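A short write-up of the structure that comes next.
Quantities reported herein were computed from a predicted structural model and do not represent experimental measurements. Start at 1 and go down the list; that is how both ligands and their atoms are numbered. For this chain, numbers begin at 1 and follow the sequence in order. FYI, side chains are in, hydrogens and waters are out, and symmetry mates aren't considered; it's all heavy atoms of this structure.
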Amino acid sequence: MAMQTPYYLVDKTKLLRNMEKIALLREKSGAKALLALKCFATWGVFDFMRDYMDGTTSSSLYEVRLGRQRFGKETHAYSVAYADHEIEEVISYSDKIIFNSISQLERFSEKASGIVRGLRLNPQVSSSSFDLADPARPFSRLGEWDMGKVEKVMDRVSGFMIHNNCENKDFSLFDRMLADIEQKFGPLLKRAEWVSLGGGIHFTGEDYPLDQFAERLKRFAGEYGVQVYLEPGEASITKSTTLEVTVLDTLYNGKNLAIVDSSIEAHMLDLLIYRENAKIEPNEGEHSYMICGKSCLAGDIFGEFKFPAPLKIGDRISVQDAAGYTMVKKNWFNGVKMPAIAIRELDGSIRTVRDFDYTDYEQSLS
Ligand SMILES: *Cc1c(COP(=O)(O)O)cnc(C)c1O
């Protein structure tokens, strides 16, 4: 019997392609790779990913705890701001803590003196043109940029984190921005033992020049005498996961519409925020449909796609690329049934690892 939809399906065979590229890059460049949990925190596949990556990085107390307890290996803590009441627990889970500001570093550096400490730098250039996701946007709160100020706290940090790429598929742009970072922060980098270049680099993509990238990272590490880290989120899990849905109704209102047992607002929110369409493959055929969510939000629309035959109630549809910034953002809007989480093993067998029911919905509020 077919599994009941909706569910997210993480396919280990597809995930393996990314993992193998990450492992190869680590080997060729000497860089370490930490999974960015804010992008993907589906810990049911951490046992599998652990062999190919060095650990995790985080954006909060809960993420660093998940990283330590469910992934293990090297655990980096970072947050835009820590509260006094959480800092000790954060430190207890971390190998390294990266402060977002000099002020946070000064506030907590004594407490964190037993672990490696670092600071986020903001090079004030980025690859993002969408200001919601641009760490270098005007008045950005993400990291320090004034060399003179950073100079004064160098006795308390041994390294830096610089995250200014965003879904950057262009190696030459990465290369130019790194040169710019070297230009701006060179003297500080020389005094560092490690530098994390953050995430946002699409190096597991099909045509990415992995060898050139590895060579560039190795050269950077050699020039400054640092251990390089990368923090791939999207690159780790890209194209590994689908959202499996079923058609509940079809209508014709000047266009063919199909309503599915899911909601873009509740189950793929990131697409709505960035005003992108979902992906359905192969998207070929004579019959065009607007695929709509079942919430009452007028714009709950996955997009318009082509199908080889008219859609009918009960048809299954796979929405592609449902891992990054998707499963971590699912919510209970409209009380829509939350997708279960299933894993396709390397041998093709599928098992459900988590199901959500009314109690989860009820318990999410009080
Ligand atoms: C978001 C983020 C990442 C991961 O970014 P991806 O684009 O998913 O690779 C890594 N490091 C930091 C500091 C981040 O904020």
**Study point:** Nearest neighbour in protein (non-hydrogen) for atom 14 (C) of ligand 1
**Key:** K38 NZ, 2.9 Å
**Study point:** Identity of the nearest option to atom 4 (C) of ligand 1, non-hydrogen atoms only, from S59, P135, A36
**Key:** A36
**Study point:** Salt-bridge criterion met for K337 and D360 (N-O under 4.0 Å)
**Key:** no
Exercise for review: May I ask you to check whether A235 has an N/O atom sitting below 3.5 Å from an N/O atom of ligand 1?
Suggested key: no
Exercise for review: Give a yes or no on whether E88 atom CD has more than 12 heavy-atom contacts from other residues, nucleotides or ligands under 6.0 Å away.
Suggested key: no
Practice item. Measure the distances from the heavy atoms of E167 to every atom of ligand 1 and state whether one is below 4.0 angstrom. Key: no
Practice item. Please state which part of E234 comes within less than 4.0 Å of ligand 1, counting heavy atoms only: side chain, backbone, both or neither. Key: both
**Study point:** For atom 9 (O) of ligand 1, the protein heavy atom that lies nearest, with its residue and separation
**Key:** G200 N, 2.7 Å
Review point. Is any side-chain heavy atom of T241 closer than 4.5 Å to a side-chain heavy atom of D321?
Key: no
Point to revise | Closest approach of any protein heavy atom to atom 12 (C) of ligand 1, naming residue and atom | key: E231 OE1, 3.4 Å
Check your understanding: Measuring from the heavy atoms of F40, does anything fall under 4.0 Å of ligand 1?
Key -> no
Check your understanding: Counting N and O atoms only, with roles assigned by atom type, does the side chain of D95 sit under 3.5 Å from a partner on the main chain of T75, one being a donor and the other an acceptor?
Key -> yes
Check your understanding: What residue and heavy atom of the protein are closest to atom 8 (O) of ligand 1, and at what distance?
Key -> Y325 OH, 2.5 Å
Point to revise | Ring geometry between H267 and Y8 (parallel below 30°, tilted from 30 to 60°, perpendicular above 60°) | key: perpendicular
Review point. Counting only N and O atoms by type, is there a donor-acceptor contact under 3.5 Å from the side chain of K73 to the main-chain atoms of M53?
Key: yes
Review point. Do other residues, nucleotides or ligands put more than 12 heavy atoms under 6.0 Å from the NZ atom of K190?
Key: yes
Review point. At a 4.0 Å threshold, what atoms of ligand 1 neighbour a non-hydrogen atom of M161?
Key: 13 (C)
